[in-house]
Each structure stands twice: as C-alpha cells, then as structure tokens.
2 protein chains.
Amino acid sequence: MADGDTDARVTIRTVAADAGVSVAAVSKVMRNAYGVSDALRLKVEASIERLGYRPSVAARGMRGRTFTLGVLLVGIDNPFLPGIYQGIESVTESAGYKIMVGVGAARARTEVSLIEQMIDNRMDGLILVASQISGETMEHYARQIPIVVVGHHEPAAQGYDTINNDDQMGARLAVQAFVDRGHTDIAFVTQPEQDGDLADVAPQREIGYRAAMAAAGLTTRVLSLPSHGTPRDAQIHQILTAPDRPRAIFCWSDLDAVPLLSTAYRLGIRVPQDLALIGYDNSPVAGLSMVDLTSIDQDGPRLGKLGAEALFTRMNGRSSPEHILIEPKLIPRGSI
Amino acid sequence: MADGDTDARVTIRTVAADAGVSVAAVSKVMRNAYGVSDALRLKVEASIERLGYRPSVAARGMRGRTFTLGVLLVGIDNPFLPGIYQGIESVTESAGYKIMVGVGAARARTEVSLIEQMIDNRMDGLILVASQISGETMEHYARQIPIVVVGHHEPAAQGYDTINNDDQMGARLAVQAFVDRGHTDIAFVTQPEQDGDLADVAPQREIGYRAAMAAAGLTTRVLSLPSHGTPRDAQIHQILTAPDRPRAIFCWSDLDAVPLLSTAYRLGIRVPQDLALIGYDNSPVAGLSMVDLTSIDQDGPRLGKLGAEALFTRMNGRSSPEHILIEPKLIPRGSI
DNA sequence: TGATTTACGTAGAACGGTGCACGAAACGGG
DNA sequence: CCCGTTTCGTGCACCGTTCTACGTAAATCA
C-alpha cells in the first residue's frame, strides 16, 4: 500500500525528478533495458518504491507492450470455463502478464465488439474460448493481434492457433460405452449449428457420433434443441415424453445433459434402467452424488495451459499456425 | 466487417486525411461535440464508415474518458455471479459502455493488482463484486476512481457505494422457516471470516442467525469450514458423521450447501427427514429436481442493476456515499 | 453599413509513456 | 599517448487521442 494520500497521479516524471535522473532512465529501469548502471537502477528503484509508482498501461501501450492478455469467454455460467481459465492463468501469472476478461454472452456481435475493445486497449495477445466467430472474421483480427482459439475447430486456419480436445473421439468414446453395455437405440442430442458452421464443437461431436454409430452398424438419430422458439425446458420435456423416447442419449454438453437428467427424474424415468445418459465436459455438477452423470472430460486446465503457451510462442514471432488436439476421457458414473 | 485487408492501423489522422479535414474535426465528430456543421459531420462519418475507423481506447484514455467499466469478480465458478453480471450489463450496454472483467480468485493480493490494472487502463469506473479487500484499502483506491461494491458490507464507507441484500434478514428468514417446521436443533455452517473482517457476507449471515436464534429462545451452534488444512469434502464428511449431527443446517452459501447435500445423499442421510437444509444464493443447481435445495434468493440481477446505476450517478459527480440494502427471499424446496 | 455576435474549423499543446540517436566518459590495446 | 570501443545517461521525436485557444467567415443587430 502506498502510504501517501496524494490524489495526484504519480507519473514517470515525478519519479525522474525525485531520483534526479532523466525520464528515459526511469523508463529503462522499468523495462530493465540495456545500459543501466547498478547505481542508477538502485536510485530509481528507491524512488519508485517510495512514491508507489505504477506505469500507466494505457500510455505504455501506445508504443511498447502492455503485458496484458485478453481472454474472451462465451459466457460466465458455462461450467467448463473455470478449468480453462485456471489453466491459462497458471501460465500467464508466472510470466508476469495480467489478464482482462471479456464476456461474450455467446453472441457473435458482442464477441466482435469485445475483440475490438481488447485490440483498442492495446493488449499483447488474445485467447478466445469457445468463440462463435467465423473463421474469416478471425483471420481478419489475427492480422492485427496474436490470437489463440480454444474450443473451436478450424484446423486449416493460417493466422492463428487452435487448441481443442478431440471432440470426434469424445463422441466415439460415448457411443462405445453405450455399445459395450448392449445399447442399440442411441440418440444424439445437440444444439443446432450456428449458420452451418461445422467448426463448432457440437457439430464435431455429431460427426464423431455418426461415425461411431456407423462403425457399430447402428442407425443414427439426432435430436436438436433449437435455441429460439419454445424454451429449452419444454423441448427437453418433449423429447423425454415422446412415445419413441430413445433408450440411451449422448448429449453434446452437460449444459443440456443436467437439465435432461433433472427432467427425467421429475418424470419418474429411471436412470439408467429406462434411460442411459452421457454428457460432455464433466462439469462439477455431474460429479455430485445425486446427479452422478457419466460425462466426457476434456481436461480444461490442460487446454488453457496449452493455449497460453501457444500464445506466448506466437507473440515471440512464430508465424506458422499450430493446431493441437488432446485426448478426451470418459468418466463413468451411475447414469449408464 | 471492414472490407480492406490493410494491416496498418486506421488512426484519426487517416480519417482526417481521407475526409480532407483536420484531426480535431474528426475528434469533434466522434465525441459529437459542439461546433460541427452537418456537411462536415457527413463527410467525416462517410470516411469513418469507409475506413472502418475505431478510436484507440488507450490513446483516448490519456485525455478523456474510455467509456469502459471494470468489473472485478471473486471467481469465475461462483454460481451467484452470473446474475449480478447480467444485471450490470443490462444497464451499461444501453449506456454505450464496455465492460472488462477481472477475475480475483478470492485472493486479496490478486484483487488489488487487478484494481490497479484497471486504473492503469484508465477505466471510467469500477464495480467490485464480493471483493475481499479491506475497507481502508478500498477508500484509498476510491480516491482515484469511482467505485461501487456489490456483495460486501461497509455501511460506513465514505468514498464509495455499497449494494447488498440484507444478509442478516436472509439468515432470519432461514431460521424462521426451520422454527415454523418445529426445528430446535439448528446449526449454522460457515467459512471462517478472513482476518476478523465482519464486512463480508458470511459473518453478516452469522449475526442474523444468532439474532434469530436468540429471538426464538434457541441455542446457537456454529460450525466452521476452515479454508486451509483438510479438504472441504473431508470437513463436510466429518460434520455429517459426527454423533451430535444437527437436525437442521443453515449453510452460508449454496457453494457449500450443495456439496453438503451431496455428501448426505451418499451417506444415506434422508433429507429432510434426518437432516433439513437451507442454503444461500439460490444458485441454478439448487433448482434441479434431484437437488431440490431450499435457498435464500438475493436477486442478483437487481443487485447488479442497482450497482451499475449507482456507479453512473457517482461518475456524474455525486460524492455522498450511497448504501443500498434489498430484501432477500426464501425459495422453499424439498430440503426442508 | 459598420460593429458585434455566432458558428465553424484549425493549430498545437497536453497526456504518460517508449525507444532511437547521440554525446560524454571510462576503458583498453598498440 | 592517441584513438577506437564500450558503457551510460540524456534529449527528443513519436504513439493516437482530447481539448483549449484562436482565426475567420457568416449572420445579426443597431
């Protein structure tokens, strides 16, 4: 805590005057640049300490780096974000970088505006988590600032990197788990793709589901939960009360799998006897004993860590794209 | 989307040159300041549109306002934050302000550093949600930037505003609900206060609990979940397997009430027959049919909305502090 | 019609930093 | 002892805005 109660901002000039050196000298000490003697450094550091000086990120950003990274999250209530964030933070903290978060609310408009906001704040790099933005738009911004995308597939992207779990494999793991338990009537519940965008995780999981079902010689059945129109709860209710309700459901995300389970419970549908269920993301709720939902874990902390590391190498000049895929894992619980 | 593929940044000078006017004129148009003819405005706006110009927040911050607010959140996995955030956003969005979020990880050190980061980024105001920072430190920063605190009691604060639900009343509602159902053995489960700080919500709820118990002529019993040492799960396990396990528990937050319920379920303790439970925050999980946890709702969206509104009036010059308390509500469910 | 106001547009100095180019010592080799 | 290198520290031109002060032309008033 600064002991002074001075309201006037301490600037680099204040420090320079206090230490009896030039402004440039203080700047050099701050950036520990070349050409500073120990004597000078000590003097300046003493003044900085005494005055409680902090450089203005805004001013600094106009020429050099800000040592701030932007992280864009789809929302704030998505249970798989905390793990990723923590993974990112573990890397950036030790590197002395600060993080500012933008909350996208899953609307492309908002996300674009937040990306621009981050660029305008002169951040040094961006990590976009589960972004809804099109590959083309992304390339556009990637020319202005180093970008890494986590949780969105775009394997052909040139200007930025992508870090993902292998969603197709995750889907195969789920189908396989059902098949192993003798199921044949396995449906896939998903949210509809945004304007035909196969890059999102849900379509990827659907591809994996279809492939696995075909390999097992089973017929596919895809149920969609449109984001507009009837409320999500009603849609889920409809799926569960339909006369041809599937015996097993692989749900694209715990985000919908948990409400699905909750509704089943309310309807008196026994799980797993009447309905077997597998979700995706292995959210904390899935692990509660009264929920006990089998789910595919994609190791969020690892994704975040890899994302941050990729961003750093890119910020340090790498220009060839990097597209990493890690292996998901099935966490078996009582719902199958 | 800008159609050009120019990597060079479009600055105010580019626009000025393109429109054939001075830099100051463009600035005036941007801020719709006084002394701009329609002809000039049109010319400039056309250029802005054509070039896809966006002012640099960083540069702008060096003299005027940035139209950016900082929101500091305790964590990212806390279920009562989304509501508050949404409430804040509903106000700021229509006012044309952008939001940048800082994630504090419930560590005072990190929070302070994020506040400084936000000041250094020249944000126009700050909303701190459930911050752990001491009142004294807060006053210090409040002299540098308008601050509103949500979810932390400091009714005597001079330099900043606080917005809260009435945590003492919330606790009374919980105790009353138990008493109405004939309970007498009612314990309060809480996390220990950080360095004797009574300003936090948990101690406030404890005060309310003690008062309500005294009013009902019952003896209090407070069980603490220390954040260090044994893991949270083990502590909960211990409380539930103790020979003198309470018949009813009022838990300071759903954050702990849900795991409590989960462990009870695993141990075969029947709820509410063997154990009645009330949480706080009415998190989405509490409403799931297999959880069905009674909880105190504090109307997060309203807290957020009031917080943002208070911040705006403060940014517009109000200097007298404002301390708002709203009424919480009990949401009865199957756990009592 | 001349004086005064009003409206518009422009220079140019901030703002708080960075980083290049340069000069002055100090150093060291021949 | 002279001259080329280093090593330090400084002056100054940026970065992209805002905003005050000012000049000029048009409009209003007497």
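Quantities reported herein were computed from a predicted structural model and do not represent experimental measurements. Protein chains get the first letters and strands the later ones, always in sequence-line order, with residue 1 at the start of each. FYI, side chains are in, hydrogens and waters are out, and symmetry mates aren't considered; it's all heavy atoms of this structure.
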Write down the distance between CZ (R122(A)) and C1' (dG16(C)), rounded to a whole number of angstrom.
14 Å
Rounded to whole Å, CE of M62(A) lies from P of dG19(C) at a distance of 13 Å
Between C1' on dA7(C) and CG on D38(B), what's the gap in Å once rounded to a whole number?
12 Å
Using the side chain to side chain contact (heavy atoms under 4.5 Å, CB included) rule, pick out the option among D18(B), V36(B), V29(B) that qualifies with V44(B).
V29(B)
Distance-only polar pair, side chains of R31(B) and S27(B), donor-acceptor under 3.5 Å
yes
Rounded interatomic separation in angstrom, taking CD1 from I12(B) and C1' from dT18(D):
8 Å
Between A59(A) and G35(B), which residue's closest nucleotide on DNA chain C lies nearer the 5′ terminus?
G35(B)
Side-chain donor-acceptor pair under 3.5 Å between E111(B) and S131(B), yes or no?
yes
Check: R63(A) side chain, dC14(D) base, donor-acceptor under 3.5 Å
yes
Counting only side-chain heavy atoms from C-beta out, which of dG16(C), dT10(D), dT17(D) sits nearest to Y53(B)?
dT17(D)
So, under a plain 3.5 Å distance rule, would you say the side chain of K28(A) forms a donor-acceptor pair with the base of dG9(D)?
yes
In whole angstroms, the gap separating C1' of dT10(D) from CZ of R13(A) amounts to 14 Å
Between the base of dT17(D) and the side chain of R60(B), is one N or O donor paired with an acceptor at under 3.5 angstrom?
no
Regarding the side chain of L40(A), the nearest nucleotide among dG9(D), dT18(D), dT17(D) is dG9(D)
Write down the distance between OH (Y34(B)) and P (dC19(D)), rounded to a whole number of angstrom.
17 Å
Verify the distance criterion only: is there a donor paired with an acceptor across the side chains of S113(A) and T110(A) at less than 3.5 Å?
no
I'd like to know if R9(A) reaches the base of dG16(C) with its side chain such that a donor and an acceptor end up less than 3.5 angstrom apart.
no
